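Have a look at the structure below, then the notes.
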There are 2 protein chains.
Amino acid sequence: MKNPIADLNKIFDSRIRLGVMSMLIVNHEISFNDLKQMLELTDGNLASHLNTLEQAQFIAVHKGFIGRKTSTTYSITDLGKQAFKAHLDALEKMINKL
Amino acid sequence: MKNPIADLNKIFDSRIRLGVMSMLIVNHEISFNDLKQMLELTDGNLASHLNTLEQAQFIAVHKGFIGRKTSTTYSITDLGKQAFKAHLDALEKMINKL
DNA sequence: TATTTAACTTTGAAAAACAAAGCACTTTCA
DNA sequence: TGAAAGTGCTTTGTTTTTCAAAGTTAAATA
């Protein structure tokens with residue numbers, strides 16, 4: 001038998017990063033503020049998790065405006081999509097022995 | 001829209017505890033040593049995660065023998081089964097927007 | 001002009017993860 | 001018989017991660 005957790009991606013151990021990714025898979029683009037409210041996080045906490053995901057190049061940041069107000073939005077990258085799907089596959093494999 | 005991570009169980013954020021539970025769902029009983037080898041962990045690390053799961057009453061410990069050698073085995077409790085399934089449901093709901 | 005909002009960064013504390021070593025007990029091997 | 005090895009821990013201490021709170025910059029609104 002094989003180590004069932006070896007293929008899980010460490011970046012997605014965090015529920016918050018998992019939540020961000022799952023939201024970005026569904027919604028093409030989401031603002032900082034929406035993520036914050038949806039996941040019920042403080043600014044600093046969200047920012048640091050987004051940073052981790054950006055470092056890994058799993059998400060991309062877009063600085064823009066709504067009217068003249070700044071609005072930062074985030075989207076998933078191809079690499080991020082790949083990694084997330086691989087993680088979900090690993091989870092499934094681990095669990096589908098049920 | 002609802003917070004997608006609110007229903008995830010914090011105990012299962014850990015890949016190791018997730019791995020232990022997934023193994024115990026499939027195999028009725030597993031020894032300390034087998035878990036250790038399968039998950040590639042040090043004694044201390046495994047023991048502390050098992051302790052967390054035991055505290056939560058998600059697993060039960062059985063001290064026994066194989067021949068005359070001591071052998072501690074672990075099994076999942078009904079509560080553990082419930083909690084794990086609820087976690088998997090939450091994961092699925094989070095992801096099945098795909 | 002004062003306040004608010006957005007999106008951070010910085011700081012620091014608390015919690016969690018982890019490896020290594022020690023330990024009690026038993027068994028096996030030389 | 002004595003040394004080495006295995007099982008299943010606990011203890012210790014370090015590293016990593018998480019997180020909240022406060023500070024920051026810049027623009028918008030009252």
Side-chain angles (χ1 to χ4, degrees), chain A residues 3-6 8-24 27 29-56 58-75 83 87, chain B residues 3-6 8-24 27 29-56 58-75 83 87:
Chain A
N3 181 343
I5 64 179
L8 295 176
N9 191 325
K10 280 211 174 125
I11 288 194
F12 302 132
D13 278 2
S14 150
R15 68 210 282 103
I16 292 177
R17 293 192 293 266
L18 205 62
V20 168
M21 293 300 279
S22 87
M23 289 182 68
L24 287 181
N27 307 279
E29 250 187 324
I30 311 184
S31 71
F32 185 89
N33 226 3
D34 283 350
L35 283 170
K36 187 179 115 184
Q37 281 170 11
M38 210 76 82
L39 301 173
E40 302 175 58
L41 302 171
T42 56
D43 290 5
N45 193 7
L46 175 57
S48 73
H49 284 291
L50 289 174
N51 204 46
T52 300
L53 290 171
E54 202 194 343
Q55 293 299 96
F58 289 175
I59 63 173
V61 185
H62 317 277
K63 309 236 169 211
F65 295 89
I66 292 185
R68 295 234 211 108
K69 233 189 206 167
T70 60
S71 164
T72 308
T73 61
Y74 299 85
S75 64
H87 181 77
Chain B
N3 181 343
I5 64 180
L8 296 176
N9 191 326
K10 282 211 173 126
I11 287 194
F12 302 131
D13 279 359
S14 151
R15 69 210 282 101
I16 293 176
R17 293 193 294 267
L18 205 63
V20 168
M21 293 301 280
S22 86
M23 290 183 67
L24 287 181
N27 308 278
E29 250 185 325
I30 311 184
S31 71
F32 184 91
N33 227 1
D34 283 351
L35 284 171
K36 187 179 114 184
Q37 281 170 11
M38 210 77 82
L39 301 174
E40 301 174 59
L41 302 171
T42 56
D43 289 6
N45 195 6
L46 175 56
S48 74
H49 283 291
L50 289 175
N51 205 45
T52 300
L53 289 171
E54 203 194 341
Q55 292 300 97
F58 288 175
I59 63 172
V61 186
H62 318 277
K63 310 237 169 210
F65 295 87
I66 291 182
R68 295 229 211 113
K69 238 189 204 166
T70 59
S71 165
T72 310
T73 62
Y74 299 84
S75 64
H87 181 78

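Residue numbers start from 1 in every chain, and the chains themselves are labelled A, B, ... in the order their sequence lines are given, proteins ahead of strands. All of these numbers come straight from a predicted model, not from anything done at the bench.
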Q. A:Glu29: what forms a side chain to side chain donor-acceptor pair (under 3.5 Å) with it, not counting sequence neighbours?
A. A:Thr73
Q. With sequence neighbours excluded, what pairs up with A:Ser75 under the side chain to side chain donor-acceptor pair (under 3.5 Å) test?
A.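 With sequence neighbours excluded, A:Ser75 shows a side chain to side chain donor-acceptor pair (under 3.5 Å) to A:His62, given in chain and number order.
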Identify the heavy atoms of [X] and [Y] that sit nearest to each other, and give their distance.
{"X": "A:Leu24", "Y": "A:Tyr74", "result": "CD2-O, 3.3 Å"}
{"X": "A:Leu50", "Y": "A:Phe32", "result": "CD1-CD1, 3.7 Å"}
{"X": "B:Arg15", "Y": "A:Leu8", "result": "NH2-O, 2.9 Å"}
{"X": "B:Glu54", "Y": "B:Ile59", "result": "N-CG1, 3.7 Å"}
{"X": "A:Ile5", "Y": "B:Gly19", "result": "CG2-CA, 3.5 Å"}
{"X": "B:Val20", "Y": "B:Leu53", "result": "CG1-CD1, 3.7 Å"}

Q) If only side-chain N and O atoms of A:His49 are considered, is one of them under 4.0 Å from the OP1 or OP2 phosphate oxygen of D:dT17? A) no
Q) Can you name the residues that form a ring-ring contact (aromatic ring centres under 6.0 Å, His included) with A:His87, not counting sequence neighbours? A)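 Expected list: A:Phe12.
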Q.
Using a strict heavy-atom distance below 4.0 Å, which residues from residues 11-18 of chain A are in contact with DNA chain D?
A. A:Ser14, A:Ile16, A:Arg17
Q. To the nearest angstrom, how far is A:Lys10 atom NZ from D:dT15 atom C1'?
A. 13 Å
Q.
Output one letter per nucleotide in nucleotides 3-14 of chain D: B when a protein non-hydrogen atom lies under 4.0 Å from the base, S when only the sugar-phosphate is that close, - when neither is.
A. ----SBBB----
Q.
Is there a side-chain contact between B:Asn33 and B:Lys36 in this structure, where contact means two heavy atoms from C-beta onward sitting under 4.5 Å apart?
A. yes
Q) Can you give the first and last nucleotides of DNA chain C, 5' to 3', that have an atom under 4.0 Å from a heavy atom of chain A? A) C:dA6 to C:dT9
